Amino acid sequence: MTTISESESRLIVQESGIPVSRWKVANSPGEALNAAKEIGFPNVLKLNGSSIAHKTEQGFVKTNLKTESDFTAASEELLDNNIPDSNLLVTEMLSGSREIIAGMIRDPQFGPCVMLGFGGILAEAVADVEFRLAPVDSYEARDLISSLKTSKLLKSFRGEEALDVEATIDLLIKLGALAEDERIMSVDLNPLIIVGGLPIAADALVELKDVIS
Amino acid sequence: MTKELRPLFEPKGVIVTGVSSHPGKFGFVALHNILSCGYEGEVFAIGREESIVLEQDVLTSLDSVPQDAADLMVLCTPVEVNEEMIRRASEKGVKAVFCAAGGYSETGEEGLQAEQRLVSLTEELDLVLAGPNGQGLVSPHVGLCAQIVAPYAPKGRIAVVSQSGNFVSSFLNYANQTGIGISRSVSAGNAAATEIIDFLEWFAVDPKTDVALCYLEGLDDGRDFFERVRAITKEMPVVLVKGGTTIGGQRAAASHTGSLASDSKIFEGMARQAGITHTQNIESAFEVAATFATQPLPSGPRVLVLTTAGGWGVVTADAISQSSDLVLAPLPNDLKESIDELVPPRWSKNNPIDLAGGETRDTIPELLSIASNHPEIDSIIQLGLGIQGNTANLVRSGNFYPDHGLERIVDFHERQEKRYAEASVEASLTSGKPVLVASELAVTQPKNPMVLNIRESKRLCYPSADRAVSSLNHMVRYLNWRNGI
């Protein structure tokens with residue numbers, strides 16, 4: 001299996017109709033700065049390439065860049081890593097205090113499955129994830145959302161809007177439909193940030209089946 | 001297409017092979033069980049030596065069995081002779097084989113090959129093959145106990161299939177304990193040709209079965225199971241306990257989603273999606289299946305709790321509030337007014353309806369009738385019955401019985417318990433709604449007249465309110481699933 005770059009992953013996810021944060025690829029600090037101006041500040045800058053899977057752990061993600069000078073310093077620092085076949089990815093900085101995670105995998109027993117879970121810094125400790133076999137219909141997607149133990153935390157909370165359940169159902173249906181493409185082995189949307197109730201992917205990682213040449 | 005399993009469960013005659021005079025051998029035990037539980041078809045015993053075992057002539061060859069006299073053969077003979085047995089039996093008109101004998105794929109490569117030969121042979125001869133290496137089958141509606149172990153079970157509407165013979169026995173033991181009977185039971189053994197899902201599919205079209213009860217460990221093809229089982233659950237509830245974890249092989253390596261997946265997590269999601277009633281243990285699996293088999297499916301989540309005294313009702317209301325799918329019904333005003341006319345004003349005036357001891361001899365039956373027929377009530381849990389029976393029990397065994405008027409009062413208490421039990425069943429039948437009676441007396445005092453009368457009505461007296469709530473919750477979840485698809 002091959003992981004592809006975040007930008008290629010974003011293309012696949014976005015084409016399926018799943019909302020992703022606004023983004024642009026740049027090949028130089030200058031291009032990146034233009035992209036940043038277009039997307040606006042604060043924003044996020046990432047190193048983008050097929051060999052970079054766990055960007056955050058490796059320090060390849062710079063978030064909350066507020067000024068042009070912060071941004072330029074960050075892009076130079078990332079490029080100094082000299083990772084082959086990599087460039088820069090500028091994305092908008094989504095603002096929302098709650099996160100969920102979602103994904104698609106192929107299970108050896110049951111075939112393609114979609115996943116939805118509680119996200120954010122406490123995600124691992126809370127460990128609240130649920131799976132359903134893909135494809136899912138709207139009844140199954142709704143049941144998946146409500147069967148999360150933390151589903152109450154996704155209701156309106158301290159002035160933040162409740163998770164838009166219909167939009168999330170739509171997202172899960174589309175995620176399941178990605179499994180129809182047999183090349184796609186897995187999809188991670190980690191995290192999806194809830195902005196005004198809508199879950200938007202701030203990161204995407206797709207694995208493809210190895211093509212035997 | 002559904003595999004036709006009628007010859008397995010309703011054979012017109014049965015052949016048992018491997019019969020000898022040794023009462024510890026499988027052939028002997030199978031013959032004994034078939035002859036002892038009321039099977040009315042013809043029975044043929046095949047053994048190595050001509051003899052009489054259990055007053056039955058033992059034949060040394062299938063040649064001596066009349067043509068078309070038996071549909072089922074129970075194989076208790078060793079691997080080496082079974083293929084020949086099957087060929088001869090097929091010529092005699094046998095349609096189904098239960099291979100109780102072991103020595104097949106569970107023993108290694110050679111056994112696996114023998115098992116594959118068994119499968120191709122039965123396919124070629126168009127025979128149903130169950131097992132090998134299974135403890136047998138039970139079919140109480142035709143009095144058949146074709147098992148190499150105990151127990152037998154009373155007639156009922158639950159069909160049991162298990163990947164472990166032990167749990168067939170456990171479920172049948174519960175059937176004997178509670179009196180909630182079964183329609184069929186079978187241990188799938190190595191499931192070489194007839195798998196769990198094949199049995200479930202046949203149960204769904206079996207007129208004697210209302211609910212399936214299944215113990216499962218592993219699946220050869222999970223996706224196939226999912227697709228087929230969710231077609232079954234549309235017609236009939238399937239209660240399932242899953243044991244063990246299956247090692248599925250590798251999932252996408254770099255995927256975070258993959259790292260969060262586990263076999264049990266995915267199974268749980270699959271079960272929910274397929275409308276399977278997935279329970280966490282054997283005991284509750286039986287109780288839930290018994291509930292589906294004996295109570296009507298409610299048409300909504302609103303539960304009314306009736307109790308004769310406080311604490312029981314409070315705890316039950318808590319359990320309902322914490323359940324995932326039930327709602328403690330708000331007490332409708334007109335129902336409140338009707339109750340005001342029945343009992344003194346100290347009753348709770350809320351759900352739970354706590355009579356606070358204010359009931360007289362006809363209150364409980366009347367209340368059950370009014371409440372169960374109310375359109376805003378979907379089901380009832382009745383608590384606090386059996387108290388009078390318990391009193392009668394103590395008085396009857398005390399020093400003063402039957403004098404001092406005690407005989408009369410004991411008689412009254414016991415008659416009242418009978419009335420209560422009958423009223424709960426009557427209310428359920430008339431309204432078409434579940435009415436579950438819960439009391440620890442179900443296990444602490446099984447001879448309590450209330451408990452005995454519930455049992456006689458072929459319903460379950462739940463050993464605690466929690467367990468009644470849990471069973472009802474499974475019913476409503478199943479209802480929601482069926483309405484959702």
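Just so it is clear, the model here is predicted, and its values are computed rather than measured. First the proteins, then the strands, lettered A, B, ... as listed; each starts at 1.
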Counting only heavy atoms closer than 4.5 Å, note whether [X] contacts chain B via side chain, backbone, both or neither.
X: I101(A); result: side chain
X: A102(A); result: backbone
X: V206(A); result: neither

Considering only heavy atoms and a distance below 4.5 Å, find which of G269(B), A274(B), A271(B) pairs most often with chain A.
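The option with the most such pairs is G269(B).
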
Taking the basic N atoms (NZ, or NE/NH1/NH2) and the acidic carboxylate oxygens, is any pair closer than 4.0 Å for R10(A) and E6(A)?
yes

Lys/Arg cation over aromatic F131(A): K265(B), 6.0 Å, 45° cone
no

CD1-CD1 distance between I18(A) and I12(A), expressed to the nearest 0.5 angstrom
11.0 Å

Would you please indicate yes or no on a ring centroid separation below 6.0 angstrom for F292(B) and Y478(B)?
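Yes, ring centres under 6.0 Å apart.
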
